[in-house]
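Down below is the structure, laid out as structure tokens.
Note that these values count all heavy atoms, side chains included, but never hydrogens, waters or copies made by symmetry.
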Amino acid sequence: MNSYGSFPGARPRRLRTTPAMRRMVAETRLRPADLILPAFVREGIAEPVPIQAMPGVVQHTRDTLRKAAVEAVEAGVSGIMLFGVPEDAKKDAVGTVGTDPDGILQVAIRDVKAEVGDELVIMSDVCLDEYTDHGHCGVLDADGRVDNDATLERYAEMAQVQADAGVHVVGPSGMMDGQVGVIRDALDTIGKEDVSILAYTAKYSSAFYGPFREAVGSSLKGDRKTYQQDPANVRESMRELALDLEEGADMVMVKPAGPYLDVLAKVAESVDVPVAAYQISGEYSMVEAAAEKGWIDRDKAILETLTGIRRAGAQMILTYWATEVARNLSAGR
């Protein structure tokens, strides 16, 4: 026992004494409404196809996607981000199926819209990588490099057909210079002023995308380092942010989430628009793999990762655990 009376007078542990106390003074709160569910829908399958690198995640059929959308609504999730997986035979050099009104993504948007209407914010990926036979996010030039401006023309068409299908939000994810402005103009031209743009403002060239490429059946040859951002840079992210806002972005995103919490915090402190973060496939798979080995407590680790992303400043989190976590939060678990 010390001889200094009540020293120390300041005892932060007083506010950690019980679960109720810790809940009351919590600085960061995670809610079901903060979550967005990424979902894959694959053409030409009769049953959902498990994604081996992402235990618990599947490539949906059109019917199971509708069911997943309903479950997300019931759990209190705010949005669903849709990715289309076409048949390999339909892929070509310019991603034609990505702008086909009857392409798998456009069909899926209409399906989800018919099923849940405006109860769920329906979001769609504006990118060519799922639809090209070379797997890059844009059109290639004669030297095999992604042609920025030719790709913008394709993105404009993609955004228009997705808007016509009924999407609420388009998410241009290809990291082409000028993509937000071109898409905004394209949407406004066809009277879709109410369709929002979620800009993939800082999308890093990351090693953590690996499982996603299985999920979308990627045909990628090479890498995306000439257009996705270098992991070493943060000032570059702020430049991208300024450009996206100038071009009309309604919301901005940092991707991946966990390895880039410093970037996320800097972006969140700098803007007055909603900020999203995408907890990507590799982040998901690491937790699932470690939990399967018995090395970590799965449920606690999931909640901790999401709380960290929320604490760093994300108002919206895209996560493959969205529906599960939303249910647990609603149940007080």
Side-chain angles (χ1 to χ4, degrees), residues 15-16 18-39 56-57 67-82 112 115-124 167-169 171 196-202 249-281 283-284 287-288 291 296-333:
L15 302 183
R16 305 171 194 155
T18 66
M21 177 68 80
R22 293 191 292 273
R23 284 196 304 273
M24 185 177 73
V25 302
E27 299 173 32
T28 303
R29 300 184 188 277
L30 188 66
R31 308 167 303 154
D34 300 331
L35 305 177
I36 297 166
L37 176 69
V57 180
K67 180 180 178 183
V70 170
E71 290 173 348
V73 170
E74 292 172 346
V77 170
S78 283
I80 186 167
M81 174 65 80
L82 301 177
V112 174
E115 191 70 36
V116 299
D118 294 335
E119 293 187 82
L120 195 63
V121 178
I122 304 170
M123 304 176 168
S124 55
V167 79
H168 297 107
V169 179
S196 301
I197 298 176
L198 170 58
Y200 283 58
T201 291
D250 299 289
M251 299 170 275
V252 297
M253 184 195 293
V254 174
K255 179 182 181 181
Y260 298 93
L261 294 180
D262 61 322
V263 180
L264 174 59
K266 194 172 182 67
V267 168
E269 290 169 359
S270 303
V271 300
D272 57 3
V273 299
V275 176
Y278 196 147
Q279 185 181 54
I280 67 170
S281 58
E283 299 177 73
Y284 173 94
V287 171
E288 291 288 351
I296 60 174
D297 183 308
R298 176 183 179 275
D299 291 349
K300 290 180 180 178
I302 291 170
L303 192 59
E304 187 173 337
T305 62
L306 293 171
T307 301
I309 296 166
R310 183 73 180 85
R311 187 183 64 243
Q315 295 162 267
M316 304 169 291
I317 305 173
L318 286 81
T319 176
Y320 299 97
W321 290 303
T323 300
E324 174 189 345
V325 170
R327 286 172 177 157
N328 289 341
L329 290 172
S330 296
R333 297 198 292 271

Can you name the nearest heavy-atom pair linking [X] to [Y], along with the distance?
X: Gly308; Y: Leu261; result: O-CD2, 4.2 Å
X: Ile122; Y: Gly117; result: CD1-O, 4.0 Å
X: Ile36; Y: Val77; result: CA-CG1, 4.1 Å
X: Ile302; Y: Glu324; result: CD1-OE2, 4.5 Å
X: Ile197; Y: Val169; result: C-CG1, 4.5 Å
X: Ser330; Y: Pro32; result: OG-CG, 3.6 Å

[atom1]-[atom2] distance between [X] and [Y], expressed to the nearest 0.5 angstrom:
X: Thr18; Y: Met24; atom1: OG1; atom2: CE; result: 8.0 Å
X: Ile317; Y: Thr305; atom1: CD1; atom2: OG1; result: 8.0 Å
X: Ile309; Y: Tyr260; atom1: CD1; atom2: OH; result: 13.5 Å
X: Thr201; Y: Met251; atom1: OG1; atom2: CE; result: 11.0 Å
X: Leu35; Y: Met316; atom1: CG; atom2: CE; result: 11.5 Å
X: Ser78; Y: Glu119; atom1: OG; atom2: CD; result: 12.0 Å

Residues in salt bridge (Lys or Arg N to Asp or Glu O under 4.0 Å) contact with Glu283, at least two apart in sequence or another chain: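 Glu283 satisfies salt bridge (Lys or Arg N to Asp or Glu O under 4.0 Å) with no other residue.
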Parallel, tilted or perpendicular: ring planes of Tyr320 versus Tyr284, cut at 30 and 60 degrees: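 It falls in the perpendicular class, over 60°.
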pair [X]-[Y]: side-chain heavy atoms closer than 4.5 Å:
X: Met81; Y: Leu37; answer: no
X: Leu264; Y: Val275; answer: yes
X: Glu74; Y: Arg327; answer: no
X: Arg310; Y: Leu306; answer: no
X: Val112; Y: Val116; answer: yes
X: Glu288; Y: Arg298; answer: yes
X: Val121; Y: Ile80; answer: no
X: Leu318; Y: Pro38; answer: yes

CD (Gln315) with more than 12 external heavy atoms under 6.0 Å: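 Yes, CD of Gln315 has more than 12 neighbouring heavy atoms, counting only those of other groups under 6.0 Å.
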Full working for salt bridge (Lys or Arg N to Asp or Glu O under 4.0 Å) between Glu27 and Arg311: CA-CA 8 Å; Glu27 299 173 32; Arg311 187 183 64 243; over 6 Å; no
